[in-house]
Amino acid sequence: MGVSTSRPEPGVAVVTVDFPPVNALPVRGWYELADAFRAAGADTGVRCVVLAAAGRGFNAGVDIKELRSTPGHTALLGANHGCAAAFSAVYDCPVPVVAAVHGFCLGGGVGLAGNADAVVASDDAVFGLPELDRGALGAATHLSRLVPRHLMRTLYYTSRTVTARELHGHGSVWRVVPRGELPAAALALAREIAAKDGSLLRLAKAALNGIDPVDVHRSYRYEQGFTFEANLSGVADRLREGFAPGSADRHTEEDRA
């Protein structure tokens, strides 16, 4: 259990997240993920990184149970800083990042996939921000990198999800494949990218980040300020009390209609 890195072939690193049962990451998990990406990017032999996950889904966001069981705001502050660190590590990785998404990609999962350079998804993948149902805010910055802005707002306000095929139609998902073919499809794209000159790839990544119209770091931290406000007002605690195990599955199965 945790975050691991493998090197399946020259030039490609695969960072895999494994926090059963639904990859809802505790505070330490977000920092482990950030560290793994920094290490992969610092390796001059790496020219592309694949972000993958084990288990039932790609990512179910923050571990709400950890927030509820920790007195005060220590866990909340840790989760917010940890998410910011992990999202930034993916975005700032010196080489291109391919997110391999299966099952549910919720909350923090959207933050990760939205900051990747490319997304390959299985045909059962769904993406969404159930934050308003969980007493939180955030990651609209990253959802807006995956869908048009008015759709982002509708999804955000309703906590509904969109499918990988819908995102493929918007151009934010490169390929949609059967779940069993996802690792090979993500690796194939990473292999194609890694075939380029490593020095030029790093220059290209820096150049593309430099022309982004939105500063994702500042934008996300601005959002987080309202998360703190929701917690200080008490509304976040009230909504989290209604959070139940299996919510990740509920969002993937019910909220798409």
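Small disclaimer: the values here were computed from a predicted structure and weren't measured. Residues: numbered from 1 along the sequence shown.
- Residues Trp30 and Gly61 share a closest heavy-atom pair of CZ2-O, 3.5 Å.
- At a threshold of 4.5 Å between non-hydrogen side-chain atoms, the residues Asp123 and Val177 do not count as touching.
- The backbone N or O of Asp215 lies less than 3.5 Å from no partner atom in the side chain of Ser219, so there is not a single donor-acceptor pair.
- For the pair Asp117 and Lys205, the salt-bridge criterion is met [side-chain N within less than 4.0 Å of a carboxylate O].
- Contact annotation: the side chain of Val12 approaches that of Val50 to within less than 4.5 Å [non-hydrogen atoms, C-beta and beyond].
- Side-chain atoms of His102 never come within 3.5 Å of backbone atoms of Gly180 as a donor-acceptor pair (strictly under, hydrogens ignored).
- Checked by atom type and distance alone, the side chain of Glu223 pairs as donor or acceptor with a backbone atom of Ala140 at under 3.5 Å.
- The closest donor-acceptor contact from the side chain of Ser172 to the backbone of His168 lies at 3.5 Å or more, if one exists at all.
- Within 6.0 Å of CD on Glu192 lie no more than 12 heavy atoms contributed by other residues, nucleotides or ligands.
- Heavy atoms only, all atoms of each residue included: Arg145 and Asn115 are closest at NE-OD1, 3.8 Å.
- In this structure, the side chain of Glu181 does not engage the main chain of Pro178 through any donor-acceptor pair within 3.5 Å.
- A 4.5 Å side-chain heavy-atom check between Pro96 and Val49 finds every atom pair outside the cut-off.
- The backbone N or O of Val214 lies less than 3.5 Å from no partner atom in the side chain of Asp212, so there is not a single donor-acceptor pair.
- Other residues, nucleotides and ligands contribute more than 12 heavy atoms inside 6.0 Å of the CZ atom of Arg191.
- Between the side chain of Ser144 and the backbone N or O of Thr141, at least one donor-acceptor pair lies under 3.5 Å.
- Residues His81 and Tyr31 place their aromatic rings such that the two centres sit no closer than 6.0 Å.
- Annotation: side chain of Phe58 is not in contact with side chain of Asn23 (no heavy-atom distance under 4.5 Å).
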Task: From CA spacing to verdict: side-chain contact (heavy atoms from CB on, under 4.5 Å), Glu66, Val27 - done: CA-CA 8 Å; Glu66 182 180 46; Val27 171; 3.5 Å; yes
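- Side-chain contact between Asn59 and Leu112 is present, with heavy atoms from C-beta onward closer than 4.5 Å.
- Checking side-chain atoms of Tyr156 against main-chain N and O of Gly138 turns up a donor-acceptor pair under 3.5 Å.
- Judged by distance alone, with hydrogens and angles left aside, the side-chain atoms of Thr227 form a donor-acceptor pair with the main-chain N or O of Leu137 at under 3.5 Å.
- Remark: side-chain polar atoms of Ser122 are not paired, donor with acceptor, to backbone N or O of Arg179 under 3.5 angstrom.
- Side chains of His170 and Leu151 form a contact here, defined as non-hydrogen atoms less than 4.5 Å apart.
- Contact record, Phe19 with Pro26: CD2-CD, 3.7 Å, taken as the closest heavy-atom pair.
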